[in-house]
J.: 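Take a look at the following structure, please.
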Amino acid sequence: MDTPGTISCDEELRHWPSDEAQARAVQDRLRSSVRLDESGPQPGFAGTVVGVDVAYDDERDVVAAAAVALDARSLAVVDEATAVGQVSFPYVPGLLAFREIPTVIDALARLTRVPDLVVCDGYGLAHPRRFGLASHLGVLTGLPTIGVAKNPFTFRYAPPGPERGATSPLLDGDEEVGRALRTQKGVKPVFVSVGHRVDLDRACAHTLRLAAAYRLPETTRAADSLCRKALAGA
DNA sequence: GCGACAG
DNA sequence: ATCTTGTCGC
């Protein structure tokens with residue numbers, strides 16, 4: 001049931017924190033395992049880009065995750081998988097990963113191919129402790145990851161130019177933790193940050209390429225759609 | 001203490 | 001995230 005690329009994160013998953021203090025300690029401990037020295041796959045490489053997303057049912061405390069693999073060149077869907085689980089952590093800004101990752105990993109493990117790049121909903125480096133969802137998922141699976149968020153979280157940015165492809169730094173004080181990226185002309189930007197084993201330039205290039213027709217990357221759109229269906233049928 | 005706060 | 005109708009525009 002294990003995908004070769006999703007390395008044995010069993011140990012971390014067994015020791016899942018049960019409160020906020022433990023969760024922050026896990027982030028502080030794992031942060032040094034993030035690899036920021038790799039460029040990551042070239043945009044347009046021959047391989048798959050996988051989008052992951054989750055949906056919740058508050059009444060039943062159920063969470064459904066989806067992983068959808070797209071061919072990196074054609075953006076055609078080549079594989080998809082879902083998983084359903086019990087919500088195991090509340091939503092706390094800065095601790096999103098603890099709510100989403102277990103079910104997301106279950107879904108990823110059900111793909112028939114190892115992803116070459118994973119696109120997460122949310123942040124990676126752009127995080128209060130520099131260890132957001134995308135960073136965490138990258139470290140646990142070993143896979144290259146990036147984060148694409150719809151909101152600037154607590155960070156500041158100057159609006160990028162109006163043209164598609166325009167960017168501006170996403171700032172935590174003086175530090176650039178990511179970029180605001182305009183994926184469509186005249187439309188609100190998305191917020192890109194690196195996760196694991198991918199640099200910021202390529203993270204933005206991949207995001208722009210994946211967002212050829214809409215504001216959000218096709219990976220995100222496909223995963224969002226699929227996890228909602230999975231939740232409805234659970 | 002108050003407000004803000006990925007999904 | 002989720003609750004939710006119509007509506008403006010290409």
Side-chain angles (χ1 to χ4, degrees), chain A residues 16-17 20 23-24 26-27 31 34 51-68 82-108 118-139 145-157 164 169-173 175-181 183-196 200 203-204 207 213-217 219-232 234:
Chain A
W16 213 241
E20 298 185 21
R24 290 192 190 88
V26 167
Q27 292 179 330
R31 187 176 46 231
V34 175
V52 292
D53 193 18
V54 302
Y56 301 97
D57 180 335
D58 289 332
E59 301 304 296
R60 299 180 296 158
D61 267 1
V62 167
V63 52
V68 180
T82 63
V84 174
Q86 212 64 63
V87 174
S88 58
F89 208 89
Y91 170 65
V92 180
L95 301 178
L96 179 63
F98 297 95
R99 189 169 165 78
E100 309 207 333
I101 278 188
T103 316
V104 164
I105 286 179
D106 285 345
L108 281 174
V118 179
V119 180
C120 301
D121 260 42
Y123 282 116
L125 224 213
H127 176 273
R129 287 169 294 283
R130 303 293 179 265
F131 195 72
L133 171 63
S135 320
H136 203 145
L137 184 64
V139 167
T145 60
I146 66 174
V148 179
K150 300 185 262 318
N151 298 295
F153 199 11
T154 61
F155 307 109
R156 300 181 312 100
Y157 71 101
R164 168 174 154 83
L170 185 65
L171 302 170
D172 186 354
E175 185 182 353
E176 182 182 42
V177 293
R179 271 180 210 150
L181 169 66
T183 55
Q184 294 293 323
K185 184 176 182 177
V187 170
K188 176 181 173 176
V190 297
F191 304 90
V192 180
S193 60
V194 301
H196 187 59
L200 187 54
C204 288
T207 302
Y214 299 95
R215 178 188 176 225
L216 297 178
T219 38
T220 300
R221 292 166 46 80
D224 179 78
S225 166
L226 183 58
C227 71
R228 291 185 199 225
K229 290 176 189 168
L231 183 63

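For the numbers below, each heavy atom of this structure counts, side chains included, while hydrogens, waters and symmetry mates do not. A, B, ... follow the sequence lines: proteins, then strands. Residue 1 opens every chain.
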J.: Applying side chain to side chain donor-acceptor pair (under 3.5 Å), name anything that partners A:R60, two or more places apart in sequence or on another chain.
T.: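 Listed in chain order: A:D57.
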J.: Short question: side chain of A:T145, backbone of A:H196 - any donor-acceptor pair under 3.5 Å?
T.: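 The answer is yes, because a donor-acceptor pair under 3.5 Å joins these two groups.
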J.: Do the side chain of A:R164 and the main chain of A:T183 share a donor and acceptor less than 3.5 angstrom apart?
T.: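 Side chain of A:R164 to backbone of A:T183: a pair is present.
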J.: More than 12 non-hydrogen atoms from neighbouring residues, nucleotides or ligands closer than 6.0 Å to NZ on A:K188, yes or no?
T.: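 Counting other residues, nucleotides and ligands, NZ of A:K188 exceeds 12 neighbours.
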J.: For DNA chain C, just give me the dot-bracket, please: Watson-Crick or G-U, both distances below 3.5 Å, ( ) intra-strand, [ ] crossing earlier pairs, | paired with another strand, . unpaired.
T.: ..........
J.: So A:L170 and A:S193, do their side chains get closer than 4.5 Å, heavy atoms only?
T.: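 Not touching, per the 4.5 Å side-chain cut-off.
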J.: Do A:R179 side-chain atoms and A:F191 backbone N/O form a donor-acceptor pair below 3.5 Å?
T.: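 Flag not set: sc A:R179 to bb A:F191 has no pair under 3.5 Å.
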J.: How long is the line joining CG of A:D61 and P of C:dA1, in whole Å?
T.: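 To the nearest whole Å, that distance equals 18 Å.
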J.: Using the ring of each side chain (for Trp, its six-membered ring), is A:W16 parallel, tilted or perpendicular to A:F98, with breaks at 30° and 60°?
T.: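 The rings of A:W16 and A:F98 sit tilted, inter-plane angle from 30° to 60°.
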J.: Please convert DNA chain B into dot-bracket. A pair counts if it is Watson-Crick or G-U wobble with both distances under 3.5 Å; crossing pairs go in [ ] and bases paired with another strand get |.
T.: .......
J.: With a 3.5 Å distance limit and no angle check, can you tell me whether A:S225 reaches the backbone of A:R221 through a side-chain donor-acceptor pair?
T.: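 Between the backbone of A:R221 and the side chain of A:S225 there is no qualifying donor-acceptor contact (under 3.5 Å).
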J.: Answer whether the closest heavy-atom distance between the side chains of A:V62 and A:Q86 falls below 4.5 Å.
T.: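 In contact.
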J.: Check nucleotides 7-10 of chain C against the protein and report each pair of N or O atoms closer than 3.5 Å, with its distance, or say if there are none.
T.:
none

J.: Suppose we call two aromatic rings close when their centres sit under 6.0 Å apart. Are A:Y91 and A:Y56 close by that rule?
T.: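 Not under 6.0 Å, so no.
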J.: Please work out which of the three classes, parallel, tilted or perpendicular, describes the rings of A:H136 and A:F131, given edges at 30° and 60°.
T.: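 Ring orientation of A:F131 relative to A:H136: tilted.
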J.: When you measure from the side chain of A:R99 to the backbone of A:V63, do you find a donor-acceptor pair of N or O atoms at a distance under 3.5 Å?
T.: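 Flag not set: sc A:R99 to bb A:V63 has no pair under 3.5 Å.
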J.: Could you go over nucleotides 4-6 of chain C and give all protein N or O partners under 3.5 Å, atom names and distances?
T.:
none

J.: Can you spot which of A:L226, A:V68, A:V119, A:D224 makes a side-chain contact (heavy atoms from CB on, under 4.5 Å) with A:D53?
T.: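 With A:D53 as partner, side-chain contact (heavy atoms from CB on, under 4.5 Å) holds for just one option, A:D224.
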J.: Assign a letter to each nucleotide of nucleotides 2-7 of chain B from its 5' end: B, base within under 4.0 Å of a protein heavy atom; S, sugar-phosphate only; -, no contact.
T.: ---BBB
J.: Side chains of A:T220 and A:V190: does their closest heavy-atom pair fall under 4.5 Å?
T.: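 Not touching, per the 4.5 Å side-chain cut-off.
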J.: Does the side chain of A:V177 reach to within under 4.5 Å of the side chain of A:F153, using non-hydrogen atoms?
T.: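 In short, these two side chains do not touch, never coming nearer than 4.5 Å.
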